[in-house]
Novice: 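Pasting a structure below so you can have a look.
Lettering follows sequence order; numbering is per chain, from 1.
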2 protein chains.
Amino acid sequence: MKRLFLSGALAAAIVIQAEDKVEVPYPSGFRGWQHVKSVLVGPDHQSFANRGGFHHFYANDKAMEGYRTQKFPNGSVIVDEGVFTKDGEGQAKGMVLEGERRSVAVMVKNDQLYKETGGWGFERFDRDERTGKLPVAGRAQCHSCHSQAKDRDYVFSALRK
Amino acid sequence: MKRLFLSGALAAAIVIQAEDKVEVPYPSGFRGWQHVKSVLVGPDHQSFANRGGFHHFYANDKAMEGYRTQKFPNGSVIVDEGVFTKDGEGQAKGMVLEGERRSVAVMVKNDQLYKETGGWGFERFDRDERTGKLPVAGRAQCHSCHSQAKDRDYVFSALRK
């Protein structure tokens, strides 16, 4: 058991060396997780060019424990799914509808793997891609901003009843 | 077992007699169900006065089977949760945020209980109330509009991937 653990740590170290960051996996099946809340990033928001559209937040079971206790256990995953909008037509005129998926941003808790960034690993997947391309500097930026919510274990969102 | 069934049917008959409609229960726990899709009803939509805001659709497990097969089994429940919006401030300026719950509209499949309305019972609960107040005429109106989607078992929404 101990040897297995060491092998795992060694493997992780190799990944760090090879890419200078620890992989954050794609959150397969997140659409079936708990819907936490939603926002719409409109044209007047500073991030509209990169993030305009619906954003739906989802949590896996471990993250749900974190929302309750304000302490997220290892294995917690929170997803921010960006979805392009389209204007409704006909009877739906005046409605903002969902278009295609824009992005899947994810934060994963592991206080050993992601020590440098508050115990959270950050990644972003474009559209339906399964390979994240967030550079190390991007992760640091995620962490820096999320540090504003350090007293809530770096999580901005709250679970809407 | 047969006697139990008859008792149930009798109880249902009494409810029909008393209120001239069959109860559609509050969909307890729907926030933990599958998030199907969302729309935003904006100020230019014809229903804005009564339905303005976010609308999140949720499905229980049986309704999920219906989305896959286009035939919804008895026990399927689909919820349309209306949520008031509020404008973001500070860093969230330009975002549309969620406010309080506005409404919980529900459709429940039971091809025996709701024969008159395509096998679906309709109800609407205001804000966080647990007692629905949709009059019989309102149900007929729901059914009439949903009849446009008769070839999809009266369900407008489709499951977004």
Side-chain angles (χ1 to χ4, degrees), chain A residues 28-49 51-61 64 67 79 81-102 104 127-128 145 148-149 156-161, chain B residues 28-49 51-61 64 67 79 81-102 104 127-128 145 148-149 156-161:
Chain A
S28 296
F30 74 87
R31 282 281 293 125
W33 298 354
Q34 170 76 46
H35 172 251
V36 176
K37 57 171 270 190
S38 295
V39 304
L40 179 71
V41 175
D44 294 333
H45 190 260
Q46 51 181 345
S47 75
F48 181 72
R51 298 182 66 242
F54 287 106
H55 285 261
H56 303 303
F57 296 81
Y58 308 86
N60 71 355
D61 288 343
M64 286 297 289
Y67 280 114
V79 170
E81 179 195 31
V83 181
F84 285 107
T85 60
K86 56 184 182 185
D87 294 335
E89 295 176 355
Q91 288 187 330
K93 190 171 159 58
M95 280 192 190
V96 182
L97 308 180
E98 291 180 327
E100 294 185 355
R101 180 172 293 143
R102 176 168 202 161
V104 175
R127 291 176 172 263
D128 291 315
C145 189
Q148 295 173 54
F156 284 118
S157 55
L159 181 67
R160 186 169 59 72
K161 71 173 177 181
Chain B
S28 296
F30 74 86
R31 281 281 291 125
W33 297 355
Q34 170 76 46
H35 171 251
V36 176
K37 57 170 271 191
S38 296
V39 304
L40 179 71
V41 174
D44 294 334
H45 190 262
Q46 51 182 347
S47 75
F48 181 72
R51 296 182 68 242
F54 287 106
H55 284 261
H56 302 303
F57 296 82
Y58 307 86
N60 70 355
D61 288 344
M64 286 297 290
Y67 280 114
V79 170
E81 179 196 30
V83 181
F84 285 107
T85 60
K86 56 184 183 185
D87 294 336
E89 296 175 353
Q91 288 187 331
K93 190 172 157 58
M95 280 192 191
V96 182
L97 308 180
E98 291 179 326
E100 292 185 356
R101 180 171 295 143
R102 175 168 202 161
V104 174
R127 293 178 171 261
D128 292 314
C145 189
Q148 294 173 55
F156 283 118
S157 54
L159 181 67
R160 186 169 59 72
K161 73 172 177 184

Novice: Can you tell me how far CZ of B/Phe30 sits from NE2 of A/His35, rounded to the nearest 0.5 angstrom?
Specialist: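 A/His35 NE2 to B/Phe30 CZ: 11.0 Å, rounded to 0.5 Å.
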Novice: Heavy atoms, side chains only, cut-off 4.5 Å: are A/Lys161 and B/Asp128 in contact?
Specialist: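 The answer is yes, as the side chains (C-beta and beyond) meet within the 4.5 Å cut-off.
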Novice: Using a 4.5 Å heavy-atom cutoff, which residues in residues 84-92 of chain A come close to chain B?
Specialist: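 Expected list: A/Gln91, A/Ala92.
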Novice: Would you please test B/Met95 and A/Gln46 for side-chain contact (heavy atoms from CB on, under 4.5 Å) and show each step?
Specialist: CA-CA 9 Å; B/Met95 280 192 191; A/Gln46 51 181 345; over 6 Å; no
Novice: Quick one: which of A/Ser38, A/Gly42, A/Gly52 has the most heavy-atom pairs under 4.5 Å with chain B, could you say?
Specialist: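 If we count pairs closer than 4.5 Å to chain B, A/Ser38 comes out on top.
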Novice: If you look at every heavy atom in B/Arg31 and A/Leu159, which pair is closest and at what distance?
Specialist: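 Closest approach of B/Arg31 to A/Leu159: NH2-CD1, 4.3 Å.
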Novice: Among pairs that include at least one residue of residues 90-100 of chain A, which meet salt bridge (charged side-chain N to carboxylate O under 4.0 Å, His left out), considering only residues two or more places apart or in two chains?
Specialist: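 For residues 90-100 of chain A, and leaving out neighbouring residues, the salt bridge (charged side-chain N to carboxylate O under 4.0 Å, His left out) pairs sorted by first residue read A/Glu98-B/Arg160, A/Glu100-A/Arg127.
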Novice: At a heavy-atom separation under 4.5 Å, does B/Tyr58 approach chain A through its side chain, its backbone, both, or neither?
Specialist: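 Looking at B/Tyr58, just its side chain touches chain A.
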Novice: Counting only non-hydrogen atoms closer than 4.5 Å, does B/His56 touch chain A with its backbone (N, CA, C, O), its side chain (CB onward), both, or neither?
Specialist: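 Contact with chain A involves the side chain of B/His56 alone.
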Novice: I need the A/Lys37 NZ to B/Phe54 CZ distance, nearest 0.5 Å.
Specialist: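 The CZ atom of B/Phe54 is 9.5 Å from NZ of A/Lys37, to the nearest 0.5 Å.
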